[in-house]
**Student:** 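The structure under discussion is supplied below as structure tokens; questions concerning it will follow.
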Amino acid sequence: ESSDLYVVDTRNDRIDRLNGLYTQNASPFWSPASNILISQELGNYDQESGWRSENVTGIRVPGYDDQNTLYLPSLDSRGEIFLGWLNAQNFVSYSQTQVGPDTLKQVNVSSLTVKAILEGPFGSAGIDPQSRTLAFTLSDENAARHGLVGGVYLLESDDSAYRLLNNGEYQRLSWDPGGMFIAEGAQGLYAFTP
């Protein structure tokens, strides 16, 4: 009936349920210090539209005594994607909708605030876990909504604004553990460091 989060205490030989509601809890995502566990609650599965993300929560670890709603996803979210952490208090996420990724968000787990990094649809995104640099792609169509050009954009961890790194149409972008972002487009592969 539900997909819940549990913690196994091997020292005391017990299992404790973490989430408070009997829903479909999914996508557990640890903070860098492993002191906060982020997850999302999904509504009932619908044959036509699939899953819908209804709530993103954070719970303090250890103790499991402080669980907070961090944000409520948009009504068209089929699932929240947790990209990575910018620092000990802020992570980046976005909504996966039926038409693709939408609205890059910076979520502060201490102040329980959400700041939009980029509103609306975009192509793909990645975060370098070391430098905390965020990169994302915008198609010409999505960029035009913001008065921008299509291409690869970069937001360094200490900056408040993103900048165009390379223009063009890129379909995919990801962080490669070898130390580079890789963007794929009609013009080929574009690899760059943070």
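Residue indices begin at 1 and follow the sequence shown. Quick caveat: nothing in here was measured; it's all calculated off a predicted structure.
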**Student:** Only one of Pro101, Ser53, Ser74 passes side-chain contact (heavy atoms from CB on, under 4.5 Å) with Ser95; say which it is.
**Tutor:** Ser74
**Student:** Going from CD1 on Ile15 to OG1 on Thr10, what distance comes out if it is rounded to the nearest 0.5 angstrom?
**Tutor:** 11.0 Å
**Student:** Hydrophobic clusters here meaning ILVMFWY residues chained together by side-chain heavy-atom distances under 4.5 Å, can you tell me if Val114 and Val56 are in one?
**Tutor:** yes
**Student:** Measuring from His146:NE2 to Glu119:CD, what's the distance to the nearest 0.5 Å?
**Tutor:** 8.0 Å
**Student:** With sequence neighbours left out, write down each residue that passes salt bridge (Lys or Arg N to Asp or Glu O under 4.0 Å) with Arg11, or none if nothing qualifies.
**Tutor:** none
**Student:** Only pairs under 3.5 Å count here: list side-chain donor-acceptor contacts from residues 126-135, not counting sequence neighbours, and write none if there are none.
**Tutor:**
residue: Asp128; atom: OD1; partner: Gln130; partner atom: N; Å: 3.0
residue: Asp128; atom: OD2; partner: Ser131; partner atom: N; Å: 3.1
residue: Asp128; atom: OD2; partner: Ser131; partner atom: OG; Å: 2.5
residue: Ser131; atom: OG; partner: Thr133; partner atom: N; Å: 3.4
residue: Ser131; atom: OG; partner: Thr133; partner atom: OG1; Å: 2.8
residue: Arg132; atom: NE; partner: Trp85; partner atom: O; Å: 3.4
residue: Arg132; atom: NH1; partner: Pro129; partner atom: O; Å: 2.1

**Student:** From Leu42 CG over to Ser27 OG, what is the distance, rounded to the nearest 0.5 angstrom?
**Tutor:** 6.5 Å
**Student:** Just one of Phe91, Tyr71, Tyr94 clears the ring-ring contact (aromatic ring centres under 6.0 Å, His included) bar with Phe82, so which one?
**Tutor:** Phe91
**Student:** Could you tell me whether a side-chain N or O of Gln106 sits under 3.5 Å from a main-chain N or O of Ile117, the two making a donor and an acceptor?
**Tutor:** no
**Student:** Any donor and acceptor pair, going by atom type alone, linking the side chain of Asp140 with main-chain N or O of Gly150 inside 3.5 Å?
**Tutor:** yes
**Student:** So which atom in Val109 and which in Ala88 form the shortest heavy-atom distance, rounded to 0.1 Å?
**Tutor:** CG2-O, 4.4 Å
**Student:** With clusters defined by side-chain heavy atoms of hydrophobic residues (ILVMFWY) lying less than 4.5 Å apart, directly or transitively, does Leu148 cluster with Phe122?
**Tutor:** yes
**Student:** Within the distance-only criterion (no hydrogens, no angle test), does the side chain of Thr69 pair as donor or acceptor with the backbone N or O of Thr57 below 3.5 angstrom?
**Tutor:** no
**Student:** Tell me whether Gln40 contacts the main-chain N or O of Glu80 through its side chain, where contact means a donor paired with an acceptor under 3.5 Å.
**Tutor:** yes
**Student:** Cluster question for you: counting only ILVMFWY and a side-chain heavy-atom cut-off of under 4.5 Å, with indirect links fine, are Leu164 and Leu104 together?
**Tutor:** yes
**Student:** What is the distance from atom CG of Leu118 to atom CG of Leu155, rounded to the nearest 0.5 Å?
**Tutor:** 10.5 Å
**Student:** May I ask you to test the Gln96-Ser77 pair for a side-chain heavy-atom distance under 4.5 Å?
**Tutor:** no
**Student:** Not counting sequence neighbours, which residues clear side-chain hydrogen bond (donor to acceptor under 3.5 Å, both in side chains) with Gln89? List them please.
**Tutor:** Ser110
**Student:** What's the shortest heavy-atom distance between Pro121 and Asp102, and which atoms?
**Tutor:** N-OD2, 3.2 Å
**Student:** Taking everything shown except Asp66 itself, do over 12 heavy atoms lie less than 6.0 Å from its CG?
**Tutor:** yes
**Student:** Side chain to side chain donor-acceptor pair (under 3.5 Å), that's the test. Do Thr97 and Asp76 meet it? Break it down for me.
**Tutor:** CA-CA 6 Å; Thr97 69; Asp76 58 348; 4.8 Å; no
**Student:** Applying the 4.5 Å side-chain criterion to the ILVMFWY set and letting contacts propagate, would Val92 and Leu154 be lumped into a single cluster?
**Tutor:** no
**Student:** Identify the heavy atoms of Ser39 and Asn25 that sit nearest to each other, and give their distance.
**Tutor:** OG-OD1, 3.1 Å
**Student:** Just distance, no hydrogens or angles: give the donor-acceptor pairs under 3.5 Å from side chains in residues 184-194, sequence neighbours left out.
**Tutor:**
residue: Glu184; atom: OE1; partner: Arg172; partner atom: NH1; Å: 3.1
residue: Glu184; atom: OE2; partner: Arg172; partner atom: NH1; Å: 3.1
residue: Gln187; atom: NE2; partner: Tyr170; partner atom: OH; Å: 3.3

**Student:** Considering non-hydrogen atoms only, spot the tightest contact between Ser34 and Trp30 and give its length.
**Tutor:** O-CZ3, 3.7 Å
**Student:** Identify, with sequence neighbours excluded, every residue that meets side-chain hydrogen bond (donor to acceptor under 3.5 Å, both in side chains) alongside Ser111.
**Tutor:** Asn108, Thr113
**Student:** Side-chain heavy atoms nearer than 4.5 Å, only ILVMFWY residues, links allowed to pass through others: does that put Leu83 and Ile38 together?
**Tutor:** no
**Student:** Go through the structure and list residues passing side chain to side chain contact (heavy atoms under 4.5 Å, CB included) with Glu54, not counting sequence neighbours.
**Tutor:** Arg52
**Student:** Which atom names give the shortest non-hydrogen contact between Thr103 and Ala116, and what distance separates them?
**Tutor:** CG2-CB, 4.5 Å
**Student:** Under 3.5 Å, side chain of Ser31 to main-chain N/O of Ile36, donor-acceptor pair present?
**Tutor:** yes
